[in-house]
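Excluded from the calculations below are hydrogen atoms, water molecules and symmetry mates; all remaining heavy atoms, backbone and side chain alike, are included. Not measured: the values here are computed from a predicted model.
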Amino acid sequence: MKKQRGVTVWFTGLSGAGKSTIAQALEAQLRQLGYGLEVLDGDIVRTNLTKGLGFSRADRDENIRRIGFVSHLLTRNGVIVLVSAISPYREIRDEVRDRIDDFVEVYVDAPLQVCENRDVKGLYKRARAGEIKQFTGIDDPYEPPLSPEVHCHTDRESVEESVVKVLAKLETLGYIQLAATPVG
């Protein structure tokens with residue numbers, strides 16, 4: 001494994017925007033390059049680390065704080081952490097950013113209609129039918145980042161194009177090297 005700097009790469013956006021898809025593709029690229037990393041996917045974290053939390057604003061904030069705490073621990077120990085979580089509220093994302101010195105925010109942006117069309121779990125349909133309350137983008141707000149390090153427009157670019165943007169930013173910031181030059 002290469003000697004590396006830790007960094008948290010935080011993917012935020014609506015459900016169905018492509019956060020997990022981009023994070024998985026980025027994970028594959030980084031592993032192929034020899035980097036050590038962990039992936040914290042919002043859905044998986046909710047069933048393991050934050051089980052029992054609901055979807056009130058306070059519970060969502062606590063969910064993000066817990067993910068942020070784990071990310072902070074890993075990052076300070078030289079691990080690249082890929083977080084894909086809706087994290088709808090700007091204030092809590094900024095709080096997590098302030099806690100983690102090495103933090104790259106990736107706004108995974110797609111129009112609501114595109115996200116609804118991609119909805120393989122049927123969550124938007126259930127939210128529109130009133131079966132799910134406080135659903136981000138329907139009856140609960142999503143506050144887009146004001147100045148993310150990377151802005152992916154997944155309705156206009158391929159997964160590969162989005163991954164290239166994130167890799168380029170990580171290289172520019174000194175977290176990874178894409179060239180054949182040894183890191184360690």
Side-chain angles (χ1 to χ4, degrees), residues 1-15 17-46 48-50 60-110 142-154 157-184:
M1 186 184 311
K2 295 181 178 190
K3 186 174 189 287
Q4 63 187 38
R5 277 178 64 197
V7 61
T8 292
V9 183
W10 195 283
F11 295 89
T12 179
L14 291 171
S15 178
K19 298 175 300 299
S20 296
T21 302
I22 296 169
Q24 289 167 358
L26 180 62
E27 175 190 15
Q29 289 284 334
L30 290 171
R31 287 198 192 282
Q32 188 174 20
L33 291 167
Y35 289 97
L37 59 127
E38 288 294 333
V39 177
L40 300 176
D41 184 270
D43 290 339
I44 296 166
V45 168
R46 271 204 174 266
N48 294 288
L49 181 65
T50 61
R60 287 176 196 231
D61 285 352
E62 183 59 25
N63 181 51
I64 297 308
R65 271 189 198 96
R66 291 181 190 181
I67 295 170
F69 176 74
V70 172
S71 298
H72 168 70
L73 294 176
L74 292 166
T75 296
R76 76 177 189 194
N77 283 286
V79 177
I80 296 172
V81 184
L82 307 181
V83 175
S84 57
I86 294 170
S87 40
Y89 309 121
R90 193 176 297 125
E91 183 179 359
I92 192 67
R93 288 193 313 265
D94 289 345
E95 180 184 311
V96 170
R97 174 191 286 277
D98 289 344
R99 170 180 238 168
I100 304 170
D101 292 331
D102 295 286
F103 186 93
V104 174
E105 186 173 45
V106 179
Y107 178 25
V108 183
D109 187 5
Y142 176 80
E143 300 168 356
L146 298 177
S147 53
E149 283 75 15
V150 182
H151 191 157
C152 299
H153 297 273
T154 61
E157 60 193 43
S158 69
V159 172
E160 294 75 21
E161 289 169 320
S162 293
V163 168
V164 165
K165 287 168 86 169
V166 177
L167 286 169
K169 180 54 78 172
L170 290 174
E171 184 174 43
T172 299
L173 295 172
Y175 293 109
I176 64 168
Q177 288 183 327
L178 296 174
T181 308
V183 177

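Tyr89 has its side chain out of reach of Ile64: every pair of non-hydrogen atoms, C-beta onward, lies at least 4.5 Å apart. Residues Phe103 and His72 are not in side-chain contact: their nearest non-hydrogen atoms beyond the backbone lie 4.5 Å or more apart. You'll find the side chain of Leu30 reaches within 4.5 Å of the side chain of Ile80, heavy atoms only. Between Leu173 and Val7, the closest side-chain pair of non-hydrogen atoms is not below 4.5 Å. Side-chain contact between Pro144 and Arg90 is present, with heavy atoms from C-beta onward closer than 4.5 Å. Residues Ser71 and Ile100 meet the side-chain proximity criterion, which asks for heavy atoms closer than 4.5 Å. Side-chain contact check for Arg76 versus Asp101: every heavy-atom pair is 4.5 Å or farther apart.
With Ser84 contributing its side chain and Phe11 its backbone, the two residues share no donor-acceptor pair below 3.5 Å.
Applying the salt bridge (Lys or Arg N to Asp or Glu O under 4.0 Å) criterion to Arg97, with sequence neighbours excluded, gives Glu105, Glu149. In terms of the side chain to side chain contact (heavy atoms under 4.5 Å, CB included) criterion, Val164 has no residue partners (sequence neighbours excluded). Contacts of His151 classified as ring pair (Phe, Tyr, Trp, His ring centres under 6.0 Å), with partners at least two apart in sequence or in another chain: Tyr107, His153. Under the salt bridge (Lys or Arg N to Asp or Glu O under 4.0 Å) criterion, Glu95 pairs with Arg65, not counting sequence neighbours. Scanning for side-chain hydrogen bond (donor to acceptor under 3.5 Å, both in side chains) contacts around Tyr142 gives Thr12, with sequence neighbours left out. When the salt bridge (Lys or Arg N to Asp or Glu O under 4.0 Å) test is applied to Lys165, the partners found at least two apart in sequence or on another chain are Glu157.
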Is there a side chain to side chain contact (heavy atoms under 4.5 Å, CB included) between Tyr175 and Lys169 once you walk through the steps? CA-CA 9 Å; Tyr175 293 109; Lys169 180 54 78 172; over 6 Å; no

Quick one: do Lys19 and Asp41 satisfy side chain to side chain contact (heavy atoms under 4.5 Å, CB included)? Show the steps, please. CA-CA 9 Å; Lys19 298 175 300 299; Asp41 184 270; over 6 Å; no

So Val106 and Ile22, side chain to side chain contact (heavy atoms under 4.5 Å, CB included) or not? Walk me through it. CA-CA 10 Å; Val106 179; Ile22 296 169; 5.8 Å; no

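Of all the heavy atoms in Leu37 and Arg31, the pair that sits closest is O-NH2, 3.2 Å. Shown here for Gln4 and Gly78, the closest heavy-atom pair between the two residues is NE2-O, 2.7 Å. Of all the heavy atoms in Leu14 and Ile86, the pair that sits closest is C-CG1, 4.4 Å. Between Glu171 and Leu178, the shortest heavy-atom contact is OE2-N, 3.0 Å. Residues Ala85 and Trp10 share a closest heavy-atom pair of O-NE1, 4.2 Å.
Of the inter-residue distances, the one linking Glu27 atom CD with Leu82 atom CG reads 6.5 Å to the nearest 0.5 angstrom. Residue Glu143 holds its CD atom at 9.5 Å from CG of Asp94, rounded to the nearest 0.5 Å. One distance of note links CZ of Arg60 with CD1 of Ile92; it measures 13.0 Å at 0.5 Å rounding.
With no hydrogens or angles considered, no side-chain donor-acceptor pair links Asp102 and Thr75 at under 3.5 Å.
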